[in-house]
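Please read the structure below before turning to the comments.
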Amino acid sequence: MRALVQRAARGSVEVAGERIGEIGPGLVILLGITHSDTEKEAAFVAEKCMNLRIFEDEAGKMNRSLLDIGGEALVVSQFTLYGDASHGRRPSFTEAARPEQANPLYETFIELCRSYGVRVATGQFGAEMKLSLVNDGPVTIMVESR
């Protein structure tokens with residue numbers, strides 16, 4: 001499982017011109033799922049994202065987590081995080097899990113994040129989405145389960 005985590009001043013996602021999710025200060029998490037992922041990987045990545053210390057403290061050091069600042073999270077499924085562009089010019093997505101496996105793990109990840117008391121907005125699995133983000137910093141971190 002891969003999560004591209006971006007510290008955000010705000011973020012939103014639209015499907016078919018309708019805004020379906022938005023957050024204020026917090027994290028935009030793009031989530032990629034591969035064939036071998038289970039609930040164990042989802043729990044590991046959710047815990048890491050919720051406790052990742054990438055927000056500044058009073059001294060200006062990245063020393064506070066999403067939980068510490070009371071921030072929100074926007075979680076969007078992103079199978080292209082498992083794209084392989086090492087051969088040719090068209091990426092291969094064979095490492096991305098099929099929707100019947102990935103969607104339940106995506107939903108599990110969302111519920112795990114909510115279990116930390118975080119307000120979580122989401123994209124729509126499998127939909128064509130427009131994501132807006134004001135990256136704060138910018139700060140972007142890749143979190144992987146292995």
Side-chain angles (χ1 to χ4, degrees), residues 1-15 19-57 61-146:
M1 190 168 286
R2 291 180 179 157
L4 186 68
V5 180
Q6 299 174 84
R7 187 175 76 184
R10 64 183 174 276
S12 64
V13 63
E14 293 182 5
V15 174
R19 183 169 289 175
I20 64 167
E22 70 182 308
I23 62 164
L27 299 176
V28 172
I29 302 170
L30 305 178
L31 188 69
I33 299 166
T34 191
H35 309 288
S36 60
D37 287 337
T38 67
E39 289 185 15
K40 179 181 176 187
E41 284 77 22
F44 175 86
V45 173
E47 187 278 331
K48 184 68 82 171
C49 290
M50 296 300 101
N51 289 290
L52 195 60
R53 293 174 17 189
I54 60 172
F55 294 92
E56 294 179 355
D57 63 14
K61 302 286 185 199
M62 286 198 295
N63 205 23
R64 300 178 77 198
S65 72
L66 184 69
L67 301 178
D68 294 331
I69 69 155
E72 303 172 325
L74 174 59
V75 180
V76 176
S77 175
Q78 184 80 48
F79 78 93
T80 61
L81 287 176
Y82 277 99
D84 178 3
S86 62
H87 303 289
R89 296 194 174 153
R90 183 186 318 203
S92 167
F93 299 105
T94 59
E95 292 303 309
R98 303 271 317 142
E100 54 273 10
Q101 177 191 5
N103 191 21
L105 284 173
Y106 169 69
E107 295 295 335
T108 296
F109 179 85
I110 292 164
E111 290 309 312
L112 287 162
C113 292
R114 287 179 174 148
S115 75
Y116 285 88
V118 171
R119 181 186 166 278
V120 178
T122 68
Q124 181 180 330
F125 187 90
E128 190 72 26
M129 295 175 272
K130 304 289 185 205
L131 181 63
S132 297
L133 160 71
V134 176
N135 192 317
D136 182 17
V139 175
T140 304
I141 305 289
M142 181 69 80
V143 175
E144 295 188 81
S145 58
R146 330 184 196 295

- [ ] May I have the step-by-step check of side chain to side chain contact (heavy atoms under 4.5 Å, CB included) for Leu30 and Leu131, ending in yes or no?
- [x] CA-CA 10 Å; Leu30 305 178; Leu131 181 63; 3.6 Å; yes

TODO: Show your reasoning for whether side chain to side chain contact (heavy atoms under 4.5 Å, CB included) applies to Ile23 and Val28.
DONE: CA-CA 9 Å; Ile23 62 164; Val28 172; 4.2 Å; yes

Task: Evaluation steps, side chain to side chain contact (heavy atoms under 4.5 Å, CB included), between Phe55 and Asp68 - done: CA-CA 9 Å; Phe55 294 92; Asp68 294 331; over 6 Å; no

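Shown here for Ile29 and Ala3, the closest heavy-atom pair between the two residues is CG2-CB, 3.8 Å. Closest heavy-atom contact between Val76 and Gly123: CG2-N, 4.2 Å. Closest approach of Ala102 to Ile33, counting heavy atoms only: O-CD1, 3.3 Å. Glu144 and Arg2 make their closest contact through OE1-NE, 2.9 Å (heavy atoms, listed as atom of the first residue, atom of the second, distance). Between Ala8 and Leu133, the shortest heavy-atom contact is CB-CD1, 3.4 Å.
The local environment of CD in Glu100 is crowded, with over 12 non-hydrogen atoms from other residues, nucleotides or ligands closer than 6.0 Å.
At least one side-chain heavy atom of Leu67 sits under 4.5 Å from a side-chain heavy atom of Tyr116. Looking at heavy atoms from C-beta onward, Met50 lies in side-chain contact with Cys113 at the 4.5 angstrom threshold. Looking at Leu112 and Val45, their side chains never come closer than 4.5 Å, going by heavy atoms from C-beta outward. By the 4.5 Å heavy-atom criterion applied to side chains, Val118 and Leu27 are not counted as neighbours.
Evaluation of the side chain to side chain donor-acceptor pair (under 3.5 Å) rule for Asn135 yields Gln6, Thr140 as partners, not counting sequence neighbours. Under the rule for a ring-ring contact (aromatic ring centres under 6.0 Å, His included), the partners of Phe93 that lie at least two apart in sequence or sit in another chain are Phe79. By the salt bridge (charged side-chain N to carboxylate O under 4.0 Å, His left out) test, Glu72 pairs with Arg119, sequence neighbours left out.
Legend: ring pair (Phe, Tyr, Trp, His ring centres under 6.0 Å) pairs involving residues 119-146, not counting sequence neighbours, sorted by first then second residue: Tyr106-Phe125. Note on residues 25-44: pairs passing salt bridge (charged side-chain N to carboxylate O under 4.0 Å, His left out), not counting sequence neighbours, are Asp37-Arg146, Glu41-Arg146. A salt bridge (charged side-chain N to carboxylate O under 4.0 Å, His left out) check over residues 20-33, counting only residues at least two apart or in different chains, returns the pairs Arg19-Glu22.
Interatomic distance, Thr38 OG1 to Leu105 CG, rounded to the nearest 0.5 Å: 7.0 Å. Between Asp136 atom CG and Arg7 atom CZ the span is 4.0 Å, to the nearest 0.5 Å. From Ile69, atom CD1 reaches atom CZ of Arg53 across 14.0 Å, with rounding to the nearest 0.5 Å. The line from CD of Gln78 to CG of Leu4 is 8.0 Å long, rounded to the nearest 0.5 Å. Expressed to the nearest 0.5 Å, how far CZ of Arg64 lies from CG of Asp57 amounts to 7.5 Å. Between the CG atom in Asn63 and the CD1 atom in Ile54 there is a gap of 12.5 Å [rounded to 0.5 Å].
At least one donor-acceptor pair under 3.5 Å links the side chain of His35 to the backbone N or O of Thr94. The backbone N or O of Asp84 sits nowhere less than 3.5 Å from a side-chain atom of Ser92 that would complete a donor-acceptor pair. Between the side chain of Asn103 and the backbone N or O of Pro99 there is no donor-acceptor pair closer than 3.5 Å.
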